[in-house]
Amino acid sequence: MGTIDITVILIFTLLVFVCGLSFSKSGKNMKSFFAAGGALPWWMSGLSLFMSFFSAGTFVVWGSIAYSSGWVAITIQTTMCIAGVLIGFFIAPKWQKTKALTAAEFITDRLGYSTQKIYTYLFLLISIFTTGAFLYPVAKIVEVSTGFPISTSIIVLGILILIYTAVGGLWAVIVTDVLQFVVLTAAVLIVVPLSLDKIGGIGNFVSQAPENFFNLVNEEYTWGFMIAFGLYNLFFIAGNWAYVQRYTSVATPKDAKKVGWLFGGLYLVSPLVWMLPPMIYRVLNPDLGGLADEGAYLLMCKEVLPVGMLGLMLGGMIFATSSSVNTTLNISAGVLSNDLYKHFRPNADNDQLVKVGRMATIGLGILTIIIALLVPYMGGIVEVVMSLAAITGGAMFLPPMWALFSKYQTGKSALIVTVVTLAINAFFKFLAPSLLDFSFDRAQEMGFGMGIPVLLLAAFEIYARTQKKPTIAYDNYQLKVADKNLEAEEESASGNQKGTRVIGIGVALTGLLIVILSFMAETGAVLVGGMGLFVLLLGSFIIYKSSQNISG
């Protein structure tokens with residue numbers, strides 16, 4: 001990577017950092033800091049959900065599978081599209097109607113504080129591993145592209161992310177998410193045609209690809225795995241506390257539906273665009289072994305991207321990953337401040353609660369960096385991501401989500417299902433191989449992890465209905481929702497205007513940067529210049545619309 005690429009990375013990093021810090025004064029209270037005022041535009045929240053779920057891990061984890069197994073990686077990600085559509089129809093509007101600031105607040109209202117407290121401790125523990133798993137892949141990409149030591153990259157990136165998340169709150173997360181979406185989409189749409197041109201066109205790619213490279217499934221990732229992983233995605237995207245924040249931060253149930261549908265629509269088309277470059281690289285260089293295939297996507301980019309664009313792609317990946325990390329950091333800090341600290345200090349004012357939230361963000365960010373440094377010692381990122389999904393996905397997120405729809409689930413039933421499922425999954429993952437000389441394959445592990453909580457919750461539901469158990473907890477919850485303060489704060493409208501304006505400025509400046517880089521490109525100059533001009537015009541249009549809203 002040359003000087004120009006590194007300069008572009010630094011410029012883009014500065015741009016994102018300044019956009020995030022521009023909201024340093026927006027966190028006046030808990031609702032503005034952790035819910036962006038509670039009336040986010042649905043398209044902002046939807047893009048942020050997409051970018052929060054998406055990360056450099058998409059290119060490292062799924063890119064690794066695409067390189068080694070081909071079309072299977074696209075099939076896996078299609079399950080995310082199906083999950084998004086179902087969430088949009090049925091689950092997102094339910095979350096919005098709870099009028100809760102966090103998922104933990106819903107659990108307190110619906111299942112009781114003692115239940116929420118245990119879930120909070122479990123969520124915070126798991127979220128540290130989740131954010132660590134998000135941070136590691138982007139450091140891996142930096143290592144592959146620049147040669148910087150992976151440990152140094154983890155520490156530096158982790159510190160940058162936790163600073164602007166702690167300062168700007170959810171608005172900083174949302175705005176940088178949307179900016180990253182535009183940048184990465186532009187960069188990826190440049191990579192695909194250049195990659196196909198490098199291999200001599202689609203015909204050559206198909207004819208030279210390994211046997212069975214375009215099969216929908218294989219022996220490791222079977223149809224059984226796809227069904228189980230699809231259930232995991234449904235539970236995770238619908239029930240993960242960080243993503244619930246995207247459904248509760250919009251103004252109406254209809255907007256919450258659109259958030260889920262936008263996510264699903266984007267995952268209908270994006271996996272094909274993302275996974276083609278590492279699949280093409282398999283034909284160019286079939287000899288990557290071990291964990292080297294984790295860098296297949298970036299190695300393809302290094303082959304074809306003109307000067308400067310590799311730096312922009314890398315910058316986009318860095319802060320796409322920061323989206324996944326900062327989303328979880330923000331909601332975890334919100335839970336600590338709103339649902340734990342506030343319980344013990346009910347008289348704490350907004351300034352004190354926001355201060356606690358910022359301090360919690362920094363503390364959790366440091367723990368995230370430590371976990372990311374340990375990922376190579378846990379078997380590599382694919383193993384960490386898949387195992388974490390199988391063990392915790394259904395256990396943690398399904399029981400509270402089930403309680404959204406059921407009158408009969410209680411705090412006791414939800415906790416029993418979660419604890420029993422976690423214990424069984426952990427036993428078969430960590431102890432059974434040595435004690436029983438038995439281990440699940442990938443599909444069995446995922447299916448077992450998703451199936452147990454479904455069966456247990458269904459058993460509780462059937463028993464409670466047949467016994468006609470009283471629904472006192474649910475009836476009390478309905479009263480609490482009715483009593484929620486539904487007043488919209490003035491800050492919501494002003495925050496939306498400022499957020500849109502900052503997004504427009506960031507997008508326009510990025511477009512200008514791409515146009516400048518097109519004059520330095522030796523290959524693909526017209527493609528790069530055209531994309532840069534489009535991004536510049538898009539940013540200018542967003543600025544114009546935001547100024548119209550202000551004047552109106």
What pair of heavy atoms forms the shortest contact from Pro453 to Ala395, and how long is it?
CG-N, 4.2 Å
Quick one, Ile118 and Leu122 - any side-chain contact, counting heavy atoms below 4.5 Å?
yes
Looking only at non-hydrogen atoms, find the nearest pair between Thr421 and Val417 and report the distance.
OG1-O, 2.6 Å
For a quick check under 3.5 Å, do Gln352 and Tyr341 share a side-chain donor-acceptor pair by atom type?
yes
Is Asn215 reaching over with its side chain to a backbone N or O of Asn218, donor-acceptor style, under 3.5 angstrom?
no
Does any non-hydrogen side-chain atom of Leu479 lie less than 4.5 Å from one of Asp475?
no
If you compare all heavy atoms of Pro253 against all heavy atoms of Pro93, which two are closest, and at what distance to 0.1 Å?
O-CB, 3.8 Å
Measure from the ring center of Tyr477 to the ring center of Phe106 and say whether it is less than 6.0 Å.
yes
Any sub-3.5 Å donor-acceptor pair from Ser69's side-chain atoms to Ala66's backbone N or O?
no
Output, in order, the C-alpha distance, side-chain angles, deciding distance and verdict of ring pair (Phe, Tyr, Trp, His ring centres under 6.0 Å) for Tyr221 and Phe225.
CA-CA 6 Å; Tyr221 301 102; Phe225 170 87; 5.1 Å; yes
Flag side-chain contact, heavy atom, 4.5 Å: Lys545 against Thr500
no
Test item: Thr108 side-chain N/O and Tyr113 main-chain N/O as donor-acceptor pair under 3.5 Å:
no
Distance-only polar pair, side chains of Gln245 and Ser249, donor-acceptor under 3.5 Å
no
Of all heavy-atom pairs between Leu404 and Ile91, which one has the smallest distance, and what is that distance?
CD1-CG2, 4.4 Å
Answer yes or no: is there a donor N or O on one side and an acceptor on the other, between the side chain of Thr466 and the main chain of Tyr463, under 3.5 Å?
yes
Arg465: partners by salt bridge (Lys or Arg N to Asp or Glu O under 4.0 Å), with sequence neighbours left out
Glu461
Any chance the rings of Tyr267 and Phe263 have centres within less than 6.0 Å?
yes
Test your reading of the model: is there a side-chain donor-acceptor pair from Ser48 to the backbone of Met44, 3.5 Å cut-off?
no
Please enumerate all residues that pass ring-ring contact (aromatic ring centres under 6.0 Å, His included) together with Trp261, with sequence neighbours excluded.
Phe89
Qualifying salt bridge (Lys or Arg N to Asp or Glu O under 4.0 Å) pairs with a residue from residues 407-426, counting only residues at least two apart or across chains
none
Not counting sequence neighbours, list each pair that qualifies as a salt bridge (Lys or Arg N to Asp or Glu O under 4.0 Å) and has a residue in residues 108-137.
Asp109-Lys484
Look up atom CD1 in Ile452 and atom CG in Leu457, then write down how far apart they are to the nearest 0.5 Å.
11.5 Å
Reported CE-to-CG distance for the pair Met450 and Asn425, which is rounded to 0.5 angstrom:
7.0 Å
Ring centre gap for Trp402 and Phe460 strictly below 6.0 Å:
no
Closest contact, heavy atoms only, Ser406 versus Tyr474:
O-CD1, 3.9 Å
Is a side-chain N or O of Gln444 found less than 3.5 angstrom from the main chain of Asp441, in a donor-acceptor match?
yes
Contact between Tyr247 and Leu49 at the side-chain level, heavy atoms closer than 4.5 Å - yes or no?
yes
Using 30° and 60° as the class limits, which term best fits the ring planes of Phe428 and Phe440: parallel, tilted or perpendicular?
tilted
Could you check whether atom CD of Glu219 has more than 12 heavy atoms from other residues, nucleotides or ligands sitting under 6.0 Å from it?
no
Which side-chain N or O atoms in residues 233-240 pair as donor and acceptor under 3.5 Å with protein atoms at least two apart or in another chain?
from   : atom 1 : to     : atom 2 : distance (Å)
Asn233 : ND2    : Thr79  : OG1    : 2.9
Asn233 : ND2    : Phe229 : O      : 3.1
Asn240 : OD1    : Ala242 : N      : 2.8

Is a side-chain donor or acceptor of Thr185 paired with a backbone partner of Val182 at a separation under 3.5 angstrom?
no
I need the minimum non-hydrogen distance between Leu216 and Thr75, along with the two atoms involved.
O-OG1, 2.9 Å
Atom CD1 of Ile472: over 12 foreign heavy atoms under 6.0 Å
no
Partners meeting ring-ring contact (aromatic ring centres under 6.0 Å, His included) with Phe344 (sequence neighbours left out):
none
Distance (rounded to the nearest 0.5 Å) between Thr222 OG1 and Arg442 CZ
11.5 Å
Report yes if the side chains of Lys429 and Ile391 come closer than 4.5 Å at any heavy-atom pair, otherwise no.
yes
